[in-house]
Amino acid sequence: MTTAPSADLVMEKLLQEAVREFPGWDFDRDPSGWTAIRGETRFTRPSLAALRALLRVHRVVRRG
């Protein structure tokens with residue numbers, strides 16, 4: 001029988017993916033959700049998935 005990974009382990013893996021996908025961004029979690037910080041720019045969303053989606057759009061817009 002196999003065991004499922006703990007929620008903490010899954011979140012750590014997802015956070016590692018986010019850090020690799022968005023170098024230069026710092027990620028922080030608090031009761032209101034997740035925040036990505038780069039210099040003076042801050043984005044907060046209720047989930048890491050929503051935050052990553054926003055950062056993808058932000059990256060495309062910046063590249064214009």
Side-chain angles (χ1 to χ4, degrees):
M1 183 170 131
T2 61
T3 59
S6 72
D8 289 337
L9 179 62
V10 171
M11 284 310 304
E12 182 61 31
K13 296 252 184 216
L14 292 171
L15 181 56
Q16 289 172 2
E17 287 178 13
V19 168
R20 278 193 303 272
E21 185 177 3
F22 303 102
W25 287 90
D26 293 317
F27 293 88
D28 186 40
R29 185 178 189 188
D30 64 28
S32 66
W34 285 88
T35 301
I37 305 152
R38 185 176 191 175
E40 297 295 316
T41 305
R42 299 175 66 91
F43 295 112
T44 300
R45 291 295 178 267
S47 71
L48 184 56
L51 183 57
R52 290 175 73 183
L54 176 66
L55 289 174
R56 287 182 192 113
V57 171
H58 176 71
R59 179 172 53 199
V60 169
V61 169
R62 283 188 57 218
R63 290 182 182 167

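Keep in mind that what you see is a predicted model, and the values were worked out from it rather than measured. Residue numbers start at 1 and run along the sequence shown.
- Of all non-hydrogen atoms in L14 and R52, the two that sit nearest each other are O-NH1, 3.8 Å.
- In this model, a donor atom of one side chain and an acceptor atom of the other lie less than 3.5 Å apart for S32 and D30.
- Taking both residues in full, the closest heavy atoms of A36 and L51 are given as N-CD2, 3.6 Å, listed atom of the first, atom of the second, then distance.
- Taking the side chain as every heavy atom from C-beta outward, Q16 and V19 never approach each other to under 4.5 Å.
- The CG atom of D28 sits 10.0 Å away from the CG atom of L15 when rounded to the nearest 0.5 Å.
- Residue L54 holds its CG atom at 11.5 Å from CZ of R59, rounded to the nearest 0.5 Å.
- Transitive grouping of hydrophobic side chains (ILVMFWY, heavy atoms separated by less than 4.5 Å) keeps I37 and L55 in distinct clusters.
- For R38, the CZ atom counts as densely surrounded, since its 6.0 Å shell holds more than 12 non-hydrogen atoms of other residues, nucleotides or ligands.
- For the atom pair CG of D26 and OG1 of T35, the computed distance is 11.0 Å after rounding to the nearest 0.5 Å.
- Separating the CD atom in E12 from the CG atom in D8 is a distance of 9.0 Å, to the nearest 0.5 Å.
- Under the 30°/60° scheme for interplanar angles, the aromatic rings of H58 and W25 are found to stand perpendicular.
- Contact of the R29 side chain with the W34 side chain is registered, since non-hydrogen atoms from C-beta on lie closer than 4.5 Å.
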